[in-house]
Amino acid sequence: MSGVVWFDGEDYIKQVIETYDALKTDSRRNSPEDSAEYEQWALESYNAEVEVIESYLYQHLHPAQLPPIFDRIIKEYDYDVEEIENMRKELEKYVAD
């Protein structure tokens with residue numbers, strides 16, 4: 001492990017990465033966009049992205065250091081796919097092989 005893990009520990013970060021990765025290849029993503037399956041996948045994918053952002057953020061700050069409004073602004077910012085992927089790759093550094 002290459003740093004302090006503030007947010008729920010290494011096991012949580014590993015779970016965040018695995019969930020995010022699994023949703024990228026989930027078959028529901030190919031469902032029609034107006035289907036309940038697709039909507040559920042989209043919601044889970046959004047939540048997985050927020051968990052990646054939150055976990056990445058809390059590797060650099062203790063959760064109590066940000067006022068709630070800034071925490072929300074950072075999590076709700078419209079990151080592009082590359083930015084989320086970079087955060088995900090950074091999180092791998094906090095998980096032992």
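These values consider heavy atoms only, across backbone and side chains, with no hydrogens, waters or symmetry-generated copies. For the single chain, residues carry numbers from 1 onward in sequence order.
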Trainee: Might you point out which heavy atoms bring Q59 and I13 nearest each other, and give the distance in Å?
Mentor: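 Reported closest heavy-atom pair: NE2-CD1, 3.4 Å.
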Trainee: According to a 4.5 Å side-chain heavy-atom criterion applied to Ile, Leu, Val, Met, Phe, Trp and Tyr, with indirect links allowed, do Y77 and L57 form part of one hydrophobic cluster?
Mentor: yes
Trainee: Search all heavy atoms of S55 against all heavy atoms of V16 and return the closest pair with its distance.
Mentor: OG-CG2, 3.8 Å
Trainee: Is a salt bridge present between E92 and K89, judged by a nitrogen-to-oxygen distance below 4.0 Å?
Mentor: no
Trainee: For the OH atom of Y58 and the OH atom of Y94, what is their distance to the nearest 0.5 Å?
Mentor: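 Separation between the atoms: 15.0 Å.
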Trainee: What are the two closest heavy atoms between T19 and A48, and how far apart are they?
Mentor: CG2-CB, 4.3 Å
Trainee: Report the relative orientation of the aromatic rings in W41 and Y38; use parallel for angles under 30°, tilted for 30 to 60°, perpendicular for over 60°.
Mentor: tilted
Trainee: Donor-acceptor pair, E49 side chain versus Y46 backbone, under 3.5 Å?
Mentor: no
Trainee: Could you point out which residue of Q40, E44, E37, E39 forms a side chain to side chain donor-acceptor pair (under 3.5 Å) with R28?
Mentor: E44
Trainee: I'd like to know if the side chain of R29 reaches the main chain of L23, judged simply by a donor and an acceptor atom lying under 3.5 Å from each other, with no hydrogens or angles considered.
Mentor: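 Between the backbone of L23 and the side chain of R29 there is no qualifying donor-acceptor contact (under 3.5 Å).
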Trainee: Determine whether L66 and I74 satisfy the following criterion, side-chain contact (heavy atoms from CB on, under 4.5 Å), listing intermediate values before the conclusion.
Mentor: CA-CA 10 Å; L66 281 181; I74 291 169; 3.8 Å; yes
Trainee: Taking atom types as modelled, find out whether Y20 and E85 have a side-chain donor-acceptor pair closer than 3.5 angstrom.
Mentor: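 Their side chains do contain a donor-acceptor pair, which is all the 3.5 Å distance test asks for.
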Trainee: So if you build clusters from Ile, Leu, Val, Met, Phe, Trp, Tyr with side-chain heavy-atom gaps below 4.5 Å, do L43 and V81 land together?
Mentor: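 No: no chain of side-chain contacts under 4.5 Å links L43 to V81.
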Trainee: Count I, L, V, M, F, W, Y as connected when their side-chain heavy atoms are under 4.5 Å apart, and connections chain through other members. Are L61 and F70 then in the same cluster?
Mentor: yes
Trainee: Can you name the closest pair of heavy atoms from Y79 and I84 and give their distance?
Mentor: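 Between these two residues, the closest heavy atoms are CB-CD1, 3.8 Å.
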Trainee: Could you pull out the closest heavy-atom pair between R88 and V52, with the gap in Å?
Mentor: N-CG1, 3.9 Å
Trainee: Any ion pair linking K75 and E54 (charged N to carboxylate O, less than 4.0 Å)?
Mentor: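 Here E54 pairs with K75 in a salt bridge, since their nearest N and O are under 4.0 Å apart.
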